[in-house]
Amino acid sequence: MSRPARIAPSRSTLAFAVAAILLAPPALAQDTATTLDAVQVTAQRKVENIQDVPVSITSIDAEKLHVLGSGGNDIRFLSARVPSLNIESSYGRAFPRFYIRGLGNTDFDLNASQPVSLVYDDVVQENPLLKGFPLFDIERVEVLRGPQGTLFGRNTPAGVVKFDSVRPSQDLDGYAQLAYGSDAMVNFEGAVGGALGGNWSGRVSALYQRRDDWVTNTYPGPNDGFEGYDESAARVQFLYEGEGFEALLNLHRRDLNGTARLFRANIIEPGSNRFVPGFDKDEVALDGVNFSDLETWGGSARLRWDFGNLSLHSITGYETLESLNRGDIDGGYGAAFLPDSGPGFIPFASESADGIPDHKQVTQEFRLESDYGGRFDWQAGFFWYREDLTIDSFNYDSLAPGNPQAGHAVQEQENTAWAVFGSVEYAATDKLKLRGGVRYTKDEKDFSASVLEGAPFGAPVGGPYTVDTDVDDVSWDASAVYEVNEAVNLYGRVAKGFRAPSIQGRLLFASAAAPNGGVSTADSETVISYEAGIKADLFDRRARVGFNLFRYDVSDQQLIAVGGGANIATLLNADKTVGQGVELDLEAWLAEGLLLTWGSSYNDTRIDDEDLAVAVCGGGCTVTDPTVTIGGGTYALIDGNSLPQAPKWIHNLTLRYGIPLSEGELYFFTDWAYRSEVNFFLYESAEFRGRSSVEGGLRVGYGWGDGAYDLALFGRNITDQTRIVGGIDFNNLTGFINEPRTWGVEFRWSF
């Protein structure tokens, strides 16, 4: 069997990236007095200038977040908005899946772990349903690429996406904004904060979003339309600032009532990855029930004691959630029998739901940090994590009146982990700074799954089927920053990341002969990552650039084989996966009032396991991998394939042009994001490969009153590009698509 040729960054690719750094700044207007403010980040758990941090990192400020989220989109609007970041979901707004440098997890189970950690206000959000908390009243978002296991710990071999809310202060301030747009879209955000007396201050933030259904159901089923939502969220913070002591308390909640992912049967043209002729995104024919309900709430206490040259930090977090998500997975089996109006041939009916009726996550961290003001500083700490959850999985008979329940399985898992860690920083010379860290982690999982009611593919009632895992690991990192001059830094970094074992138990769709009832386990994975780069402020800080090259090697990478003819979900490990590429971040004032940001990345990923085989689609697709027959089924050999949902290229661009007027400013803001083709599954096929995508936004506004008031017209996905962004492969060419074009008007008042 021949292996597909490895695609490495070509000389022309690297030349283009270097040229972007060296040649772009001279194009700047030389007579402008506008300069870029320093960007402060907390990538190393303390406030630093982004140019001094030896990590590939992108920071997104509040204004850019406001523009990108103006269409009411969920957290997926960040996808492709920074180098090497992709986000997708088969659950809609409820369950985002993150990928950095191609590393992620396509698993749709509510117990799935991801190699990209999401940290919200210093508290890790481990369950995938917690990762979709809306972005509002946010100070900044930081995307840290590469393993971050020393200081952030939980499941960070690919990187960290970090959110920081606006903190309370003694000054009275806040904002309120209201937008109305297409499909009766309503978006409201607001916050108010200030002194509460004594050393206390507080801040209350809230969000409300809704949209009517924009997809019509042509079948007289339980739902008339789809893709609407009603979502609200709130955050309350209290800050105490005393003599040598600070306490920041946080309570937050989210409620979502909307549409589950809309699965569209037979929408892919056989032999290609394009829509079938006559595809209409505004209509479907579904006979099943569809909804998505999610409630999450939590709180945290962040305490800091200042002892002069030492400070002690305590971070306590609590998160809980309830959810139920139900969808017509077959794409309209009953409707397929309608003459001239159904979704085409569907082999069998499938309507299912997954939910979490019981969940609790508790985290505790203690961290001691030095600040000697000299050449040497350090951090050391202890971290503890506990999660308990129960998952319900249901099957329904969509052919019987009332769509009655026809299958029920339960998963339960207890996950306990603890870690000790330390990090040191040493200024070897006035220009060379060295950093290093190490973390020891202990992780235990106790899992059980049972079938309580008969399943559609013959899995017998029974259980519990149990799995226990108990592992430990040592993660580490070492880096150096060299100051060439006051404006240019060179850095290098090597780091090891770790992800604990994962357990999967979607028993309703397992066969009666499946080992251990269909429960599967993937062993721990480890990542060694190398990167080197340059960060520079150019032309008297009228431009800022970051550029790096990276490579990583994953041992025993956890993968999920989903779907196929048996509609199974099986965890497995690949012997090795490799990735390499380049990343570029550029921000520059091109002229007075004209600000450019540009991000770009090239990622080449490859699975390296000659014996690894996965089941292929149940029908209709054209598999391009070599295949073998195992147990009477067709399997694809995936050695040499790229990782799923791992685009080779990502580019993003924003341009903001402001024209001062006598009473305010007229401004124009446009943003564009491109990602190249992606595979949906581990095997490769002509149909289940998403086409490249370009989505753009436009905002035209007028601000006055020293920035206190702003009125704007906005559009998202302004070209109305429609793309297949994911699929289900167990019986036909079923896919789901991206968000449509939206338009609106928004008013914002800041004080």
For this session: Please report the shortest heavy-atom distance between Lys64 and Arg81, naming the atom on each side.
Result: NZ-O, 4.3 Å
Exercise. Are the charged groups of Arg140 and Asp164 less than 4.0 angstrom apart, N to O?
Worked result: yes
Problem set entry | Chi angles and distances behind the salt bridge (Lys or Arg N to Asp or Glu O under 4.0 Å) call for Arg254, Glu231 | CA-CA 8 Å; Arg254 177 193 188 191; Glu231 180 164 13; 2.6 Å; yes
Exercise. Backbone N or O of Gly228 within a donor-acceptor pair of the Asp213 side chain at under 3.5 Å?
Worked result: yes
For this session: For the residue pair Asp710 and Tyr175, confirm or rule out a side-chain donor-acceptor distance under 3.5 Å.
Result: no
Problem set entry | Test: Arg210 and Asp212 ion pair at under 4.0 Å | yes
Problem set entry | Value rounded to 0.5 Å, distance of CG in Leu68 from CG in Asn652 | 9.0 Å
For this session: To the nearest 0.5 angstrom, please state how far the CD atom of Glu241 sits from the CD atom of Gln170.
Result: 6.0 Å
For this session: Decide if atom CG of Asp282 counts as having more than 12 heavy atoms of other residues, nucleotides or ligands within a radius under 6.0 Å.
Result: yes
Exercise. Is Arg261 positioned over the aromatic face of Phe95, cation under 6.0 angstrom from the ring centre and no more than 45 degrees off axis?
Worked result: no
Exercise. What residue among Glu677, Arg675, Gln721 forms side-chain hydrogen bond (donor to acceptor under 3.5 Å, both in side chains) with Ser693?
Worked result: Gln721
Problem set entry | is_close_aromatic(Phe751, Trp749), centroid dist under 6.0 Å | yes
Exercise. So, Asn86 and Gln645: side-chain donor and acceptor under 3.5 Å apart, yes or no?
Worked result: yes
Exercise. Heavy atoms, side chains only, cut-off 4.5 Å: are Thr722 and Asn738 in contact?
Worked result: yes
For this session: Quick one: do Val161 and Phe98 satisfy side chain to side chain contact (heavy atoms under 4.5 Å, CB included)? Show the steps, please.
Result: CA-CA 9 Å; Val161 181; Phe98 293 78; 4.1 Å; yes
Problem set entry | Main-chain N/O of Gly92 paired to Ser89 side chain as donor or acceptor, under 3.5 Å | yes
Seminar exercise, completed: When every non-hydrogen atom of Leu294 is compared with those of Thr296, the smallest separation belongs to CD1-CG2, 3.8 Å
For this session: Determine, for Glu587 against Arg541, whether the closest basic-nitrogen to carboxylate-oxygen distance falls under 4.0 angstrom.
Result: no
Exercise. Under a 4.5 Å cut-off applied to non-hydrogen side-chain atoms, are Tyr674 and Ser692 in contact?
Worked result: yes
For this session: Determine, step by step, whether Arg544 and Asp37 satisfy the salt bridge (Lys or Arg N to Asp or Glu O under 4.0 Å) criterion, reporting the C-alpha distance in whole Å, the side-chain angles of both residues, the deciding distance to 0.1 Å, and the verdict.
Result: CA-CA 10 Å; Arg544 177 182 298 121; Asp37 293 330; over 6 Å; no
Problem set entry | Shortest non-hydrogen contact between Glu319 and Gly298, atoms and distance | OE1-CA, 3.7 Å
Problem set entry | Distance (rounded to the nearest 0.5 Å) between Leu698 CG and Phe714 CZ | 11.5 Å
Exercise. Are any of the side-chain nitrogens in Glu746 or Arg748 under 4.0 Å away from the carboxylate oxygens of its partner?
Worked result: no
Exercise. Do NZ/NE/NH1/NH2 and the carboxylate oxygens of Glu695 and Arg716 come within less than 4.0 Å?
Worked result: no
For this session: Report the C-alpha separation of Lys535 and Asp52 in whole Å, then their side-chain angles, then the decisive distance to 0.1 Å, and conclude whether the salt bridge (Lys or Arg N to Asp or Glu O under 4.0 Å) test is met.
Result: CA-CA 8 Å; Lys535 297 185 179 185; Asp52 299 330; over 6 Å; no
Problem set entry | Modelled atom types, side-chain donor and acceptor of Tyr99 and Glu88, under 3.5 Å | yes
For this session: Indicate yes or no for a side-chain donor-acceptor contact from Ser601 to the backbone of Glu583 under 3.5 Å, with no hydrogens or angles considered.
Result: no
Exercise. Any ion pair linking Arg253 and Glu295 (charged N to carboxylate O, less than 4.0 Å)?
Worked result: yes
Exercise. Without hydrogens or angle criteria, can the side chains of Ser165 and Gln237 be said to hold a donor-acceptor pair below 3.5 Å?
Worked result: no
Exercise. Are the side chain of Ser70 and the backbone N or O of Val67 linked by a donor-acceptor pair below 3.5 Å?
Worked result: yes
Problem set entry | Beyond-backbone contact of Ile50 with Ile57, side-chain heavy atoms, under 4.5 angstrom | yes
For this session: May I ask you to check whether Phe133 and Tyr120 place their ring centres under 6.0 Å from each other?
Result: yes
Exercise. Between Glu665 and Arg656, is there a salt bridge with N-O shorter than 4.0 Å?
Worked result: yes
Problem set entry | Met185 backbone acceptor or donor facing Asp183 side chain under 3.5 Å | no
For this session: Please confirm whether Arg145 makes a cation-pi placement over Phe550, using NZ or CZ under 6.0 Å from the six-membered ring centre and within 45° of the ring normal.
Result: no
For this session: Report the distance from atom CG of Leu118 to atom CG of Leu130, rounding to the nearest 0.5 Å.
Result: 9.0 Å
For this session: Go through the steps for Glu142 and Thr58 under the test side-chain hydrogen bond (donor to acceptor under 3.5 Å, both in side chains), then give the verdict.
Result: CA-CA 6 Å; Glu142 300 173 18; Thr58 301; over 6 Å; no
For this session: For Asp230 and Asn257, test the side chains for any donor-to-acceptor distance below 3.5 angstrom and give the result as yes or no.
Result: no
Exercise. Taking all atoms of both residues into account, what is the closest heavy-atom pair of Arg741 and Asn717, and its distance?
Worked result: CB-O, 3.2 Å
Exercise. Can you check whether His651 and Trp672 have ring centres sitting under 6.0 Å from each other?
Worked result: no
Exercise. Do Arg304's NZ or CZ and the ring of Phe245 fall within the cation-pi criteria of under 6.0 Å and 45°?
Worked result: no
Exercise. Hey, is the main chain of Trp649 close enough, under 3.5 Å, to the side chain of Ser676 for a donor-acceptor pair?
Worked result: yes
Problem set entry | Gly697 backbone acceptor or donor facing Thr670 side chain under 3.5 Å | yes
For this session: Can you see which heavy atom on Thr742 is nearest to which on Gly71, and at what distance?
Result: OG1-CA, 4.1 Å
Exercise. If you measure only the distance, is there a donor-acceptor pair under 3.5 Å linking the side chains of Thr654 and Asp671?
Worked result: no
Problem set entry | For the student: nearest non-hydrogen atoms of Glu531 and Val55, plus distance | OE2-C, 3.9 Å
Exercise. Given Glu365 and Arg302, is the salt bridge (Lys or Arg N to Asp or Glu O under 4.0 Å) satisfied, shown in steps?
Worked result: CA-CA 10 Å; Glu365 178 177 284; Arg302 288 177 281 173; over 6 Å; no
Exercise. Hey, is the main chain of Asp121 close enough, under 3.5 Å, to the side chain of Lys162 for a donor-acceptor pair?
Worked result: no
Exercise. Would His66 and Gln177 satisfy side-chain hydrogen bond (donor to acceptor under 3.5 Å, both in side chains), going step by step from the backbone distance to the final call?
Worked result: CA-CA 10 Å; His66 173 213; Gln177 68 182 46; 3.2 Å; yes
For this session: List the steps, then state whether side-chain hydrogen bond (donor to acceptor under 3.5 Å, both in side chains) holds for Arg97 with Ser90.
Result: CA-CA 9 Å; Arg97 296 191 286 249; Ser90 57; 3.0 Å; yes
Exercise. What's the spacing between Ser311 OG and Asp371 CG if we round to 0.5 Å?
Worked result: 7.5 Å
For this session: Would you confirm whether Arg211, through its side chain, and Glu227, through its main-chain N or O, come within 3.5 Å as a donor-acceptor pair?
Result: yes
Problem set entry | Quiz item: cation-pi between Arg699 and Phe668, 6.0 Å / 45° | no
Seminar exercise, completed: Rounded to the nearest 0.5 angstrom, the CZ-CZ distance for Phe188 and Phe136 is 10.5 Å
Exercise. Where the side chain of Asn489 meets the backbone of Gln51, is there a donor-acceptor pair that is under 3.5 Å apart?
Worked result: yes
